[in-house]
Amino acid sequence: MQKAFNIKAREFDLEATMYSGQTSQPPWHKNGKYYSELLIIDNKPSLVTIKQEDNKLHVKIESPEKVPLSEVKEKLNHIFDLKFDIEGFYDFLSSYPPLDSIVDYSRGLRLFLAKDIFECIISSITSANCSIKRWTKAIDNMKRLWGQKYTFSKGTFYSFPAPDVLANLDDDSLRLAGVGYRAKYIRKTSKRITRIKLDVMDYDEAFHLLLKFPGIGPKVADCILLYGFRKLEAFPVDVWIKKIMEHFFSVDDRHLRDFAREEFGEYAGYVQLYLYDYARKSGIFGGV
DNA sequence: TACCAGGTCGTAT
DNA sequence: ATACGACATGGT
């Protein structure tokens, strides 16, 4: 089946979102202005290709079986958080004195949410003490080495391997993907993670549960909750966030997470996204 | 060539 | 609770 349609995408910058380094997944496969990725729609592997034009997203879908277009649309709305009232967020930021100008820097940037929650968990673990370039490549390696292979007219794509596949590899094999010492964290967490139900938990409960898994500390837990489960009060604190927060506020590093949730509430995740983008790209700390 | 990377873990205080 | 070194290895 091959179909094409459009969806509305206001206040959205696809390219900025795609390359903003969020640990949900690597950027999609780029071909000119088109981005393609394998998505599981209605349990059917489908190749989805998108292109942004003004306030629209052009969508093409190729699938061996018929898939409901409403579900493709829903999935894309979810992944790019297109239903989020981003203007409400802009209003919040622009009336918040220390941060009132950072909006202009990243307008259109939205959450890049997980297409596969397990991929997001492993991406987040792999990203620790690792460059964005390297962890995104490692995830692509894992897909190519151990994922399921699907061939479409546009080329070959791989799914991210299931938890039991990674759980049953030994550490030396896992290292072939380039994950280094994180191999044992990935293997052990893969073995246990399948049994948990984070989606029905509230933020606090899920956060403390995640901390019990090897390779998951506070920063990675917040990435999983924000980019994986869309817990908007999550505020991942990394080296860039520490620098930029120190620039704007006078709060001890160790209390940044609590401070942010109290100060920004349901906007904490988006504030983090915009601060991170600003810190890396503004050049005030040396740039990306 | 060294040095760094969207931190976490284990150990010592 | 807080501090600090080790950690694999690709990228530059």
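In what follows, every chain begins at residue 1, and chains take the letters A, B, ... in the order their sequences are listed.
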Interatomic distance at C1', B:dC3 relative to C:dA6, whole Å:
16 Å
Mind checking the P distance from B:dT11 to C:dA8? Whole angstroms is fine.
14 Å
Taking donor-acceptor contacts at under 3.5 Å, does the side chain of A:Tyr227 reach the base of B:dG6?
yes
Considering just the side-chain nitrogens and oxygens of A:Lys133, establish if one lies under 4.0 Å of OP1 or OP2 belonging to C:dT12.
yes
Taking only N and O in the side chain of A:Lys137, is any of them less than 4.0 Å away from OP1 or OP2 of C:dG11?
yes
Proximal nucleotide (of [options]) relative to the [X] side chain:
X	options	answer
A:Arg254	C:dA8, B:dG6, C:dT2	C:dT2
A:His255	C:dT2, B:dG6, C:dT12	C:dT2
A:Arg134	B:dC9, C:dA8, B:dG7	C:dA8

Quick check: does any side chain N or O of A:Arg110 sit under 3.5 Å from a backbone N or O of A:Phe80, one acting as donor and the other as acceptor?
no
Has A:Tyr276 got its ring stacked on B:dG6, by the test of a centre gap below 5.5 Å and a plane angle below 30°?
yes
For A:Gly21, answer base if it contacts any base atom (sugar-phosphate contacts may also be present), sugar-phosphate if it contacts only those atoms, and nothing otherwise; contact means non-hydrogen atoms under 4.0 Å.
base
Do [X] and [Y] have ring centres separated by under 6.0 Å?
X	Y	result
A:Phe264	A:Tyr96	yes
A:Tyr158	A:Tyr150	no
A:Tyr274	A:Phe89	yes

Taking the nucleotide of DNA chain B with the closest heavy atom to each, which residue, A:Cys130 or A:Pro214, is nearer the 5' end?
A:Cys130
